[in-house]
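Report on the following structure.
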Amino acid sequence: MSFALHGLAVSSGIAIGRAHLVSHALLEVSHYEIPDSRVEDECARLRTAAAAIKAELAALKGTTAASQASAELNAFLDLQAMMLDDPLLVEAACERVRQQHINAEWALTQQLDTLLEQFDAIEDPYLRERRADVIQLVERLLKELLGLARPPKPRRDDLPTVVVAHDLSPADTIGFRGQHIAGFLTDVGGPTSHTAIVARSLQLPAVVGVRLARSLLEEDDLVIIDGARGVAIVNPHPSIVEEYRLRKAELEISRTRLARLKDAPTVTLDGTPIELLCNIETPRDLDLVHRVNADGIGLYRTEFLFLDRLDRPSEDEQYEAYRDVLKSMKGKPVTIRTFDLGGDKDFAPNTTRVQPNPALGLRAIRYCLAEPTFFLTQLRALLRASVHGTLKILLPMVAHAHEIDQTLQLIARAKEQLQREGKKFAEDVELGAMVEIPAAALTPGIFLKRAHFLSIGTNDLIQYTLAIDRQDDAVADLYDPLHPAVLRLIAGTIQFGVKNGLPVSLCGELAGHPEYTWLFLGMGLRQFSMHPERVLSVKQRLLRADLADLAPKVQRLLKLDEPARLREAFEKLNAAATSA
Ligand code: PEP
Ligand code: MG
């Protein structure tokens with residue numbers, strides 16, 4: 001039977017392959033009692049399974065594949081190894097075997113239930129999220145016990161494998177390297193889930209959050225993954241397979257064609273230079289940045305240093321990460337954003353307070369200023385790294401002048417301390433503010449004497465302007481970048497920058513959508529920052545743009561209030577951009 005499944009598009013590309021179902025061991029556990037004489041045998045099974053997984057984790061870290069893996073994945077492997085040693089897991093399950101005379105699998109799932117109850121009682125959202133890691137580890141242990149940890153069997157045709165799972169751990173995902181994997185499909189996960197991160201770094205298409213993928217698909221089903229659209233088509237009609245084969249081939253051709261643009265000067269038809277910068281989440285993304293020969297880093301989301309760990313990164317660890325990025329960019333500008341924690345990227349190890357509305361709560365610069373010692377550590381690490389290149393510091397979610405003033409005071413304090421300690425730093429590090437709250441976009445004057453540059457974060461600017469939670473799919477249809485209010489706030493900020501000589505870049509997702517390139521150019525934008533994969537498509541559009549022709553068209557578009565007419569004008573602009 002042919003059917004389509006929809007999920008989140010987290011890694012683009014097209015895959016055509018055969019499904020390999022990765023078991024959900026928790027659902028396959030049998031429960032039975034054992035005689036006294038078997039108690040120690042069951043405990044030995046548990047310990048042997050734990051030892052096998054530990055050896056596997058160590059091997060994964062040691063292989064070439066794993067040494068290419070990001071620090072975040074290595075940290076995750078360490079965390080899993082640490083949890084395996086925790087007496088609350090394997091030893092506690094053994095204790096249950098002894099006391100209740102039950103089989104190892106049952107004891108392990110009972111112990112998991114107890115641990116999960118404890119996790120649910122934790123108020124700290126970051127620690128609570130670690131429950132997923134415990135579930136993944138128990139899953140792996142169960143698979144080992146049940147003999148389910150098998151690689152995909154050889155296929156009847158030479159199609160590659162599409163891995164279908166409820167969820168995948170990074171270790172699972174890395175373990176699939178070299179096995180002719182075409183893509184991933186999972187029931188759970190979001191854009192920053194492990195599957196998504198690994199798939200992007202392996203440049204394999206993936207659709208996550210498909211909900212019922214694992215239960216609806218069968219082993220060996222033919223599957224097409226359309227990573228850009230977030231769609232999986234199962235057992236498609238041969239004509240659809242043919243169409244996707246063609247699209248895949250076209251995609252490869254256009255990728256090759258685009259790759260040729262990498263060294264072309266980034267100027268519009270009329271000779272105006274444009275800066276194309278990249279958004280990165282870890283130093284591991286730098287490979288892609290170099291591949292497209294970007295002009296610099298426009299946004300380094302440092303909060304990703306917190307992924308998969310329970311403790312805070314030390315000053316030295318931060319310094320090393322920032323230094324590596326600066327060194328690798330060899331003098332090109334590197335904009336490092338201070339921690340944007342809270343909101344959807346929650347982390348508050350020392351608080352037990354549940355925020356009633358995290359998106360409007362103690363997030364980003366507010367969180368950092370509320371924890372000055374923590375913030376000072378990041379500022380010190382940034383300043384120490386500044387000698388290795390051209391550093392710019394960017395503050396997220398600024399709405400008040402005093403937030404910048406307080407940061408400037410902390411920077412001054414960090415400089416004093418470093419000077420006293422004889423540690424070097426660059427004196428002239430620029431400070432910028434993100435414009436992602438309507439208040440900031442409406443009163444950009446507060447930045448004139450305080451900031452060296454602005455960066456528009458459309459992801460949040462849209463969320464806060466239209467009062468829709470960017471995480472909540474129930475209101476996702478209202479997330480409209482073309483709402484006149486949104487466009488005017490963006491255009492107003494850019495124009496303010498042009499008039500006052502304050503450089504403005506745009507680093508929200510929209511910067512990487514080629515459909516918006518001409519619109520933003522017409523508003524006066526000259527710096528775009530986006531996922532490295534998008535750089536060349538945007539470059540292709542801007543090379544064909546004639547700014548003198550564009551500007552008046554965009555000014556007219558900005559005056560439109562009627563959504564249908566606005567969209568029509570936008571589409572006309574786009575059609576001209578595509579056919580130019
Ligand atoms: C934004 O809000 O547009 C942005 C770039 O920041 P983030 O997506 O990290 O919130
Ligand atoms: Mg933001």
Side-chain angles (χ1 to χ4, degrees), residues 8-10 72 190-193 196-197 200 275-282 285 289 294 296-307 334-347 355 357-368 378 392-399 403 432-441 453-472 476 479-483 485-487 489-491 493-494 504-513 516 519-520 523 525 527-535 538:
L8 292 170
V10 292
E72 64 197 0
T192 55
S193 61
I197 292 169
R200 278 197 295 266
E275 271 179 66
L276 292 184
L277 309 160
C278 286
N279 294 355
I280 61 166
E281 273 131 35
T282 86
D285 298 332
V289 175
I297 304 295
L299 172 67
Y300 173 9
R301 292 178 160 105
T302 54
E303 59 279 4
F304 277 74
L305 281 167
F306 284 87
L307 203 70
V334 173
T335 309
I336 303 187
R337 183 173 73 181
T338 57
F339 297 129
D340 185 0
L341 291 162
D344 57 325
K345 300 166 229 170
D346 234 323
F347 177 80
Q355 300 194 58
N357 191 338
L360 302 181
L362 207 54
R363 189 192 149 183
I365 188 66
R366 305 169 181 184
Y367 179 86
C368 285
Q378 184 176 34
K392 297 174 174 204
I393 298 177
L394 178 62
L395 307 178
M397 248 190 109
V398 177
E403 289 162 340
M434 286 205 61
V435 175
E436 46 187 353
I437 297 181
F453 65 98
L454 299 178
S455 188
I456 306 176
T458 46
N459 306 340
D460 278 313
L461 186 62
I462 298 172
Q463 148 164 280
Y464 294 126
T465 305
L466 301 179
I468 32 157
D469 186 340
R470 66 194 253 201
Q471 299 284 97
D472 185 351
Y479 194 88
D480 180 13
L482 286 182
H483 191 293
V486 172
L487 293 186
L489 290 175
I490 298 173
T493 308
I494 296 171
V504 176
S505 95
L506 193 148
C507 66
E509 289 302 300
L510 289 184
H513 286 248
Y516 287 85
L519 179 68
F520 294 143
M523 289 179 182
L525 190 71
Q527 284 179 354
F528 296 67
S529 189
M530 66 203 79
H531 189 280
E533 257 191 18
R534 307 289 185 124
V535 167
V538 169

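Numbering of ligands and ligand atoms starts at 1, following listing order.
- With a 4.0 Å heavy-atom cut-off, ligand 1 is reached by no atom of Asn279.
- Remark: Thr458 OG1 to Met434 CE distance equals 8.0 Å, nearest 0.5 Å.
- A donor-acceptor pair is defined here as one N or O able to donate and one able to accept, closer than 3.5 Å; such a pair exists between the side chain of Glu436 and the backbone of Met397.
- Checking side-chain atoms of Asn459 against main-chain N and O of Glu509 turns up a donor-acceptor pair under 3.5 Å.
- A donor-acceptor pair under 3.5 Å is absent between the side-chain atoms of Arg301 and the main chain of Asn279, judged by distance alone.
- The proximity of Arg363 to ligand 1, defined as any non-hydrogen pair under 4.0 Å, is limited to the side chain.
- Near Arg301, meaning under 4.0 Å from any of its heavy atoms, are these atoms of ligand 1: 4 (C), 5 (C), 6 (O), 7 (P), 8 (O), 9 (O).
- Heavy-atom distances between Arg470 and ligand 1 reach below 4.0 Å in at least one pair.
- Here Glu509 has no heavy atoms under 4.0 Å from ligand 1, in either its backbone or its side chain.
- Per residue Asp460, closest N, O or S atom to the Mg ion (ligand 2): atom name OD2.
- In Arg337, the part holding a heavy atom less than 4.0 Å from any atom of ligand 1 is the side chain.
- Considering only residues two or more places apart in sequence or on other chains, Asp460 meets the side-chain hydrogen bond (donor to acceptor under 3.5 Å, both in side chains) condition with Arg363, Gln463, Arg470.
- Side-chain atoms of Ser505 do not come within 3.5 Å of backbone N or O of Ser455 as any donor-acceptor pair.
- Looking at Glu436 next to ligand 1, an N or O pair under 3.5 Å apart turns up.
- Here Leu299 has side-chain heavy atoms under 4.0 Å from ligand 1, and that is the only part of it that gets that close.
- The closest approach of Glu436 to the Mg ion (ligand 2), by N/O/S atoms, is made by OE1.
- Residues satisfying the side-chain contact (heavy atoms from CB on, under 4.5 Å) criterion with Leu360, sequence neighbours excluded, are Asn357, Tyr464.
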